[in-house]
Structures are given as C-alpha cells and as structure tokens.
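Scope of the values below: all heavy atoms of this structure, side chains included, with no hydrogens, waters or symmetry mates. Naming: A, B, ... by sequence-line order, numbering from 1 per chain.
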Amino acid sequence: MDSKLVQATRQWTLVQPVVSAYVGAIVRDFAMRDDVLQEVAVAVLESYDRFDPSKSFQSWALGIARNQIRAYLRDRSRDRLTFDEKVIANLADAFDQEASSVQPKLENLQDCLAKLDVKARQILELRYGKDLKPSAIASQLELVPNTVAKALQRIRDLLRKCIDRQAFGENWS
Amino acid sequence: MNDRTQEILHRYLDDQLSDVEFDEFQDILKEKPEFLSEFVKAAMLHDRLRGHFVAKSSLDQEESTRRDESNVQPKFVSSWHRNRSWINALIGGGIAVIAMISFTFWRGDDRKALGVQAELVRVIEASASQAIRAYRIDVERNEIGAARRHRDPNDNRPLKPPMDGAVLYVRGNDEFVLKRKTVDGKDFVLGCDGVQSWAVRPDGPVRASADLSRFNRDVPGHEFSMPLINIGEALTQLKEAFELNLMPNEYDENSSSDRQVRRLLVAVKKRGFPGPRRVEIEYFAESGELAQLRFVEMPYGPDRLTLRMTLIEAPSLPSNIFSHSAYHDTSRRVEIE
C-alpha cells in the first residue's frame, strides 16, 4: 500500500467506531448498516486526496457518512420510518461532539459484560449476535415480547452504569 | 430524561416503534438537545455490543472450523477467507484500540460539589444511628502480597482468620462485633461495647482492653483510619483523600419489600493518599442508611482486598451482644491488656 493509503487507513481505523455508531443510529437493520458502512469506507479512502488536513478527519468522515445515508434512504423511499434531513445532520454534529468522551468508556464493556447473569448474556447474544428482534427472542426463550424489550432496556442501563463507574475509577487511580 | 423518553429510545434501537411513536421520537430529537446527547451514548453502546457479539461469533466459528479441518488433507481454505478484501478487514468488528484518548472529567460547579458532600454527611450521620445493623462481608478479590507468598516456614504466628463470610454488627460508632471463622471453622470474635474492646479466640484467654482500638490492627482499613468496624470514621476519611461523585437514582428491583430508591456515591482516591483505590457507597436515598459498601483494592497487610459489606437482616439479638461475655462461658479467663 502506498503511504497515503496507509495514512488514510490509519485515520479511518480511529474514527470507524464513531461513524459506525452514527450510521447504525439511522440505519437500524444491522446488515444494511454494514453495507452502508462499507460504502462510507470506500468513499473515504477514494476521496482522501480531497481531505483538508487542517480540519477534523472525524467530522469529514461523518459528512461522507451523511451523504451515503442520504443515498441509501433515497433508494428506500417507501420506508416511512426514516429521519428527516435536519435530524440526520444534527445527529452527525452530536456524534462528532460526544464521541471523544464516550468512546474511551466503552473499553470497559467486556468487564461489564462479564458481570451480567447468564440470562442477560443470552438475551444479548440473541439480539446482537443472531440479529433477532424482541419478538423472535421471546419465541426462542418462551417469554412475552414486552418482557424481552424491557429486559434489553434494563441490561443496557446496567451496562451504561457499569461502564461509567469503571471510567470514574480509571481516571483517578 | 424521563421514563417515557428512555423507553422510546430503547424501543427505537430494537426497531419496535409504531409510525406515531417514531414521529414522537423524531420530535424529541429536534426539540431537546440534551436528548440528542443521550441518544448518541445509547447508540454507541448499541453499536459496540453488535461489534462485540459479531466478533465473538466469528471467533467461535473460526475455532470450530480449525478444529474440524485440523485432520483434513489437503489443507482447506474457505472461500470466505480467500475473498476477504482489505476493506472488509477495516470494517470488521473488533477494531483494536490504537490509543487511549485522555479526557477531562467535568468536575461540576461548586453547588454540585457541595451537594455531593452533603450526601456523604447524611450517610455518615445515618451511620451513627443507635439501631443495631448487621453487614455481611464478602471478599471479591484477594491479591496476595509477595511477603505472604514467601512466608518463612518458621513463622509460627497464626494467620489472620479470613474476612470472607464475616458478619459485622454495629451500633453507632463505638459498638461493634466482628464474627469470623478460622480455617478450622471455629469462631473468632472481636468487639467493643463502647467501654472495653476485646477479642475472643477459639482457645486461650479472652483479651480485653480499655483502649477501644486495641484490636483494630486485625481489621481491614485500620492502617489508614478507615477501619470497617467504624463506618462513620471510614466515611469521614473520604472527604479529604477522595474525589466524590454522585450517581443517578436507581431502584432496587430485587427488593422483596417496597421499592426503595437507592443512590450511589463513588469515591476515588486522589494520587498520593493511602487507602483503597475506590470506595462505592450505596445507600437508601430517603434515610441515608447504608445498603452496601464496597472497597476496591484495599491494602490489608501485604495483601490487597476488594471486599463488599452488605446490609443484612439482623436476627433477634441478645441484649449483651457487644459484650465479650456473650461469646464464651464463664470459665474462660479474661486478661486485661
């Protein structure tokens, strides 16, 4: 790989988690998110020559992601449950501003996942590993869909609190 | 963020919203900037969870493939591996952390700091209550120090009875009983009735002293004035040597009685001060009474303990619970030190 591509790859690797989360916040289907993210990665690397190094690479990459999302949504105009342009733009700004404080905390996720009970990890495995929605998870586990939905909310809240606590400890010790 | 907005956010992440609910969600995103921030945090966790479980699933699959293919000749390389482009490599889950980004905590303004201190004071005052409370002590982790790993075989001093599974009874800040079991399963009890401190070993004389801290040396936290047996004193030390942070309210979903709101104070040790790396104080919001104390990496002689003290129901107790006479028969000799 030439040096410019190496540099682009390095920078993209650093911002990819933020861009991925931004795309995922709008494109809810995981498989579709992967497709859009791949298009964003290609666009970032192919247009790297046009990146102004005096500006934020993350902001620039999020701008490209916004364009790719717009193209994706245009192709799926029949899907009514999509954000309008203003929200998509506001979200890009919000991710750009918040990511640097959130991302380091997420490094504690693995430790926090280990603290969950077996049932909670099973539900997460089905939701995130197998890409099942609450009603499908409920069928598998012989539960009511609303119970699964509430459980997912509770588990995510627990993880958020654990991650925050761990982050407080690491910052000062 | 209220319960309704919380719920709607999580239902969005799981693709559960109706048309009407989606419009409501979008309106909230437009009208409330603080909600945007919460959405970003939730979305980043949501995405990271996806990455974690996909990577885990890939690893499990590869491990399984390796096991299946290990005895197959010639070596088979799956088409998935052959066709994997470097672009897919970038996108795949489990991106390694390149660098830790250091970040500055928002310390809050003076009013917030005062509020946190006030909560700590409330907990300290509640600990001085004259009701008898009981706590179970669990040792989560014990990092055994080098001095104990390489103990002199000629050293005949008895090892300290383990703290794991100990029960502590307290009343106010002067009276306590700490009950432990030796490795032989015999009772080893320390205590103080506010007039005399004492120690009742499985055998030998009962030892007592007018020095109320005479037997504290055996108790974690003693070395830096945070003995577990005096919760008020332990918590008071947090004011100077620790950074305090108050976490949001949470409900005790496991409580068998009415749902009591709990709060969590996290105290992180400042550099240059002795003591545990972190102290977590979980207490009942209304009364300030302690529900659980957790000490992370507390020095205990050569070891470092992570231990938890949890409020438990105290059974009906004898009136002389804090006196050594409740723990031995009258034939035992009592030595005053």
Side-chain angles (χ1 to χ4, degrees), chain A residues 1 9-10 12-14 16-18 20-22 24-25 28-30 34 37-38 41-42 45 80-81 83-84 86-87 90-91 94-95 98-104 106-107 109-110 113 124-125 127-130 133-134 149 152-154 156-157 159-161 163-165 168-169 171-173, chain B residues 6-7 9-17 19 22 26 29-30 33 36-37 39-54 56-57 86-88 90-91 95-103 105 242-243 245 247-248 250 253 264 266 268-271 277-278 280 296-297:
Chain A
M1 272 196 261
T9 306
R10 217 171 262 157
W12 169 245
T13 304
L14 280 173
Q16 188 264 11
V18 180
S20 174
Y22 170 58
R28 293 182 300 286
D29 182 273
F30 286 140
D34 290 341
L37 194 59
Q38 182 157 359
V42 171
L45 296 166
R80 285 162 300 153
L81 299 187
F83 291 130
D84 64 28
K86 186 168 189 287
V87 171
N90 288 347
L91 277 173
F95 270 92
E98 298 283 343
S100 62
S101 65
V102 176
Q103 205 169 316
L106 290 172
E107 299 316 311
L109 179 60
Q110 194 131 347
L113 282 168
L124 289 182
E125 172 71 37
R127 177 71 186 97
Y128 292 100
K130 300 273 189 289
K133 298 289 164 59
L152 279 165
Q153 178 176 346
R154 199 164 49 241
R156 288 183 200 126
D157 283 344
L159 287 172
R160 276 277 303 273
K161 284 171 186 164
I163 285 163
D164 285 343
R165 273 187 225 180
F168 274 126
N171 192 52
W172 290 107
S173 60
Chain B
Q6 277 269 11
E7 185 191 352
L9 188 159
H10 285 274
R11 282 166 54 78
Y12 173 80
L13 293 177
D14 294 323
D15 211 4
Q16 300 287 287
L17 296 183
D19 290 8
F22 181 84
Q26 183 158 235
L29 285 173
K30 285 178 184 171
L36 263 180
S37 170
F39 182 44
V40 168
K41 291 171 188 170
M44 288 194 71
L45 173 61
H46 182 64
D47 192 73
R48 186 64 79 98
L49 281 167
R50 166 72 172 160
H52 171 86
F53 281 94
V54 165
K56 182 176 174 297
S57 179
W86 59 268
I87 290 179
N88 283 334
L90 289 179
I91 294 170
I95 301 274
V97 173
I98 307 292
M100 280 296 290
I101 302 167
S102 65
F103 64 104
F105 269 107
F242 289 73
E243 284 285 339
N245 293 280
M247 309 297 274
E250 58 185 65
E253 294 194 352
L264 179 67
V266 177
V268 182
K269 187 173 68 68
K270 296 177 187 173
R271 287 186 206 280
R277 184 162 68 85
R278 187 167 83 242
E280 297 170 4
V296 179
E297 293 180 23

Report task. Against chain B, label A:L106 side chain, backbone, both or neither, depending on which of its atoms sit under 4.5 Å from a heavy atom there. Result ->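 A:L106 touches chain B through backbone and side-chain heavy atoms alike.
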Query - Basic-acidic side-chain contact under 4.0 Å: B:D14, A:K133 - result: no
Report task. State, with a plain yes or no, whether a side-chain heavy atom of B:R48 is found less than 4.5 Å away from one of A:Q103. Result ->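 B:R48 reaches A:Q103 side chain to side chain.
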Query raised in the report: Does the side chain of A:N90 come within less than 4.5 Å of B:L36's, by heavy atoms?
Result: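 They are in side-chain contact.
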Requested in this report: Sort out for me which of B:M44, B:E7, B:H10, B:E280 touches chain A most, counting heavy-atom pairs under 4.5 Å.
Outcome: B:H10
Query raised in the report: So which of B:L49, B:V266, B:L29 has the largest heavy-atom pair count under 4.5 angstrom toward chain A?
Result: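 Max contact count across the listed options: B:L49.
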Report task. Ignoring hydrogens and angles, tell me if any N or O in the side chain of B:Q26 forms a donor-acceptor pair with the backbone of A:V87 under 3.5 Å. Result ->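 It does not hold such a pair.
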How far apart are the closest heavy atoms of [X] and [Y], and which atoms are they?
| X | Y | answer |
| --- | --- | --- |
| B:S37 | A:E98 | OG-OE2, 3.1 Å |
| B:F22 | A:R28 | CE1-NH1, 4.2 Å |
| B:Q16 | A:P134 | NE2-CD, 3.5 Å |
| A:A21 | B:A43 | CB-O, 4.1 Å |

Requested in this report: Mind running side-chain contact (heavy atoms from CB on, under 4.5 Å) on B:L264 and A:K161 for me, showing each step along the way?
Outcome: CA-CA 11 Å; B:L264 179 67; A:K161 284 171 186 164; over 6 Å; no
Query raised in the report: In terms of the angle between their ring planes, are A:Y128 and B:F53 parallel, tilted or perpendicular, with boundaries placed at 30° and 60°?
Result: parallel
Query raised in the report: Run the side-chain contact (heavy atoms from CB on, under 4.5 Å) check on A:D84 and B:K30 step by step: do they pass?
Result: CA-CA 10 Å; A:D84 64 28; B:K30 285 178 184 171; 2.5 Å; yes
Report task. For A:Y22 and B:D47, run side-chain contact (heavy atoms from CB on, under 4.5 Å): C-alpha distance rounded to whole Å, both residues' side-chain angles, the deciding distance at 0.1 Å, then the answer. Result -> CA-CA 9 Å; A:Y22 170 58; B:D47 192 73; over 6 Å; no
Query raised in the report: Would A:F95 and B:F39 count as a close aromatic pair, with their ring centres under 6.0 Å?
Result: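 No.
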Query raised in the report: Considering only heavy atoms, which portion of B:L17 lies under 4.5 Å from any heavy atom of chain A: side chain, backbone, both, or neither?
Result: backbone
Query - side-chain contact (heavy atoms from CB on, under 4.5 Å) between A:V102 and B:L45, intermediate numbers included - result: CA-CA 9 Å; A:V102 176; B:L45 173 61; over 6 Å; no
**Report entry** Atom pair CG/NE2 of A:L152 and B:H46 - distance to nearest 0.5 Å
**Finding:**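 A:L152 atom CG to B:H46 atom NE2 measures 9.5 Å (nearest 0.5 Å).
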Report task. Assess whether salt bridge (Lys or Arg N to Asp or Glu O under 4.0 Å) is satisfied between B:K41 and A:D164, documenting all intermediate values. Result -> CA-CA 11 Å; B:K41 291 171 188 170; A:D164 285 343; over 6 Å; no
